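Presented below is the structure to which this report refers.
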Amino acid sequence: MKTALLIPVYNEAETLPFLWEETQAVLCGLPEHTFEYIFVNDGSTDSTLLQLKSLAQEHKNVKIISLSRNFGKEAALSAGLAEAAGAEAVIVLDADLQDPPELIPAFLQKYQEGFDIVYGVRADRTKDSWLKRLTARGFYKCYNALASRPLPENTGDCRLLSRRAVQAVLSLPERERFMKGLFNWVGFRAAGVPFSRQKRRAGKSKWTYWQLWNFALEGLTASSTLPLRLWTYCGFAVSGFAFVYALWVAAKKILYGNPVSGYASLMVAVLFFSGVQLISLGVIGEYLSRVFTEVKQRPLYIIDEKINC
Ligand code: UDP
Ligand code: MG
């Protein structure tokens with residue numbers, strides 16, 4: 001059985017030697033399978049590409065797709081999946097060993113039991129910072145409350161995909177690619193394998209909290225239109241309240257005359273409703289910007305060179 005290991009790499013010169021050594025050790029224990037590595041170099045500016053090239057020279061089963069600049073992990077994964085489409089199964093791993101290669105045999109075992117998608121579940125995240133755990137938890141709660149198809153909690157991109165699952169993901173044409181959502185959207189029989197999330201072996205995470213926040217927004221807007229529809233209900237509720245209030249103001253005027261007070265309530269109402277309007281405009285803007293990205297129909301990534309492909 002031919003399995004592709006898809007590994008996106010962006011400035012991972014420090015982690016690559018560990019990755020190679022540890023993954024090879026695991027693969028040696030699986031002689032009944034044929035493996036190929038698909039490294040997607042996502043515009044690294046350190047010696048990552050050089051190291052990959054020397055690996056590819058020695059090992060013909062090491063393929064490299066080098067992108068013309070940094071396009072982000074989601075685009076890198078899409079590039080890798082397109083290349084891996086011929087493999088019977090594709091396993092997506094991070095380069096920093098946070099998703100341990102020891103998961104590979106467990107994934108293959110589940111695949112042979114008939115699952116099309118086998119994802120790693122981060123059962124133990126104690127090695128992540130408390131802030132990361134808290135924000136991740138908040139994201140999953142929010143996402144699952146909004147999206148029509150809930151995401152299994154504490155999963156990442158680390159997973160095995162059967163050939164037909166890969167084809168299904170590749171057939172989705174959108175430009176904004178929240179891969180976890182897409183992997184989940186395609187359906188098929190899926191199973192989780194718990195693992196303990198490791199600390200990054202070397203180097204630094206490529207994500208700042210601001211990028212994570214934007215990524216979360218992308219995921220939410222890509223998977224649900226509820227935030228848009230919410231404003232219709234909000235509008236109805238506010239109009240209902242305003243109508244009752246108007247009746248009360250009119251009744252007061254008829255009963256007690258008009259002593260022209262109410263500066264405070266007027267001010268509060270103006271500020272409150274301008275806030276509500278700006279928020280609703282912002283939500284519409286979020287979706288509009290995504291529609292804009294989609295209609296431009298730009299390619300997801302540009303390939304600079306391919307090696308052993
Ligand atoms: N990565 C990538 N392009 C990027 C950012 C990250 O290909 O723009 C790769 C990175 O090399 C690693 C994986 O995506 O293999 C996960 O990145 P990272 O460890 O920084 O993310 P974290 O684990 O902190 O969520
Ligand atoms: Mg990492």
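We count ligands from 1, going down the list as the structure has it; atoms in each ligand are counted the same way. Since the structure is predicted, the reported quantities are computational estimates derived from the model, not experimental observations.
- With hydrogens and angles ignored, the 3.5 Å screen pairs a side-chain donor or acceptor of Ser274 with a backbone N or O of Val270.
- Among pairs with a residue in residues 62-89, none fulfils ring pair (Phe, Tyr, Trp, His ring centres under 6.0 Å), at least two apart in sequence or across chains.
- Less than 4.0 angstrom separates some heavy atom of Arg197 from each of these atoms of ligand 1: 23 (O).
- Residue-ligand proximity: Lys132 is placed with a non-hydrogen atom under 4.0 Å from ligand 1.
- Considering only non-hydrogen protein atoms, atom 21 (O) of ligand 1 sits nearest to Trp207 CD1, 3.1 Å.
- From the protein, the heavy atom lying nearest to atom 6 (C) of ligand 1 is Lys206 CG, 3.7 Å.
- Both Phe183 and Val90 belong to a common hydrophobic cluster when Ile, Leu, Val, Met, Phe, Trp and Tyr are linked at side-chain heavy-atom distances under 4.5 angstrom.
- In terms of protein heavy-atom proximity, atom 1 (N) of ligand 1 is closest to Tyr10 CB, 3.8 Å.
- With a heavy-atom cut-off of 4.0 Å, Asn70 touches ligand 1 through its side chain alone.
- Here the Mg ion (ligand 2) has protein N, O or S atoms under 2.8 Å from it, and they come to 2.
- Although no hydrogens or angles enter the test, the distance criterion places a donor-acceptor pair under 3.5 Å between the side chain of Trp231 and the main chain of Pro227.
- Shown here are the side chain to side chain contact (heavy atoms under 4.5 Å, CB included) partners of Asn70, two or more places apart in sequence or in another chain: Tyr10, Asp42.
- The side chain to side chain donor-acceptor pair (under 3.5 Å) check on Arg177 picks up Ser78, with sequence neighbours excluded.
- Taking every heavy atom of Glu12 and a limit of under 4.0 angstrom, the matching atoms of ligand 1 come to 10 (C), 11 (O), 12 (C), 15 (O).
- Heavy-atom proximity to Arg200, at under 4.0 Å, picks out these atoms of ligand 1: 18 (P), 19 (O), 20 (O).
- Of the charged side-chain nitrogens involved, none lies within less than 4.0 Å of a carboxylate oxygen, so that Arg200 and Asp94 do not count as a salt-bridged pair.
- Residue contact check: Asp96 has heavy atoms under 4.0 Å from atoms 19 (O), 23 (O) of ligand 1.
- Interface atoms of ligand 1 facing Gln98, defined by a heavy-atom separation under 4.0 Å, are 19 (O), 22 (P), 23 (O).
- Each of the following atoms of ligand 1 lies closer than 4.0 Å to a heavy atom of Pro8: 7 (O), 9 (C), 10 (C), 11 (O), 12 (C), 15 (O).
- Checking side-chain atoms of Thr232 against main-chain N and O of Arg229 turns up a donor-acceptor pair under 3.5 Å.
- Atom OH of Tyr233 and atom CG of Leu226 lie 8.0 Å apart (nearest 0.5 Å).
- Counting heavy atoms closer than 4.0 Å to ligand 1, residue Glu74 contributes nothing at all.
- In summary, Arg290 and Glu294 do not engage in a salt bridge, as defined by a charged side-chain N under 4.0 Å from a carboxylate O.
- Hydrophobic clustering places Ile302 together with Leu300 (ILVMFWY residues linked when any side-chain heavy atoms are closer than 4.5 Å, directly or through intermediates).
- Not one N or O on the side chain of Tyr119 forms a donor-acceptor pair closer than 3.5 Å with the backbone of Asn184.
- Taking the six-membered ring where tryptophan is involved, the planes of Phe215 and Trp207 are tilted, since the angle between them lies from 30° to 60°.
- For ligand 1 and Ala95, the ligand atoms under 4.0 Å from any heavy atom of the residue are 12 (C), 15 (O).
- Within the 3.5 Å criterion, the main-chain N or O of Glu218 finds a donor-acceptor partner in the side chain of Thr221.
- At a threshold of 4.0 Å, the pair Lys141-Glu153 counts as salt-bridged, since one of the basic side-chain nitrogens sits closer than that to a carboxylate oxygen.
- The protein heavy atom nearest to atom 16 (C) of ligand 1 is Asp94 OD2, 3.4 Å.
- Distances shorter than 4.0 angstrom do not occur between any heavy atom of Gln211 and any atom of ligand 1.
- Heavy atoms of Lys73 found under 4.0 angstrom from ligand 1 belong to the backbone as well as the side chain.
- Every atom of ligand 1 is numbered from 1 in the order shown, and the set under 4.0 Å from a heavy atom of Asp42 is 2 (C), 3 (N), 4 (C), 7 (O), 8 (O).
- Nearest protein heavy-atom contact of atom 24 (O) of ligand 1 is Ser205 OG, 2.6 Å.
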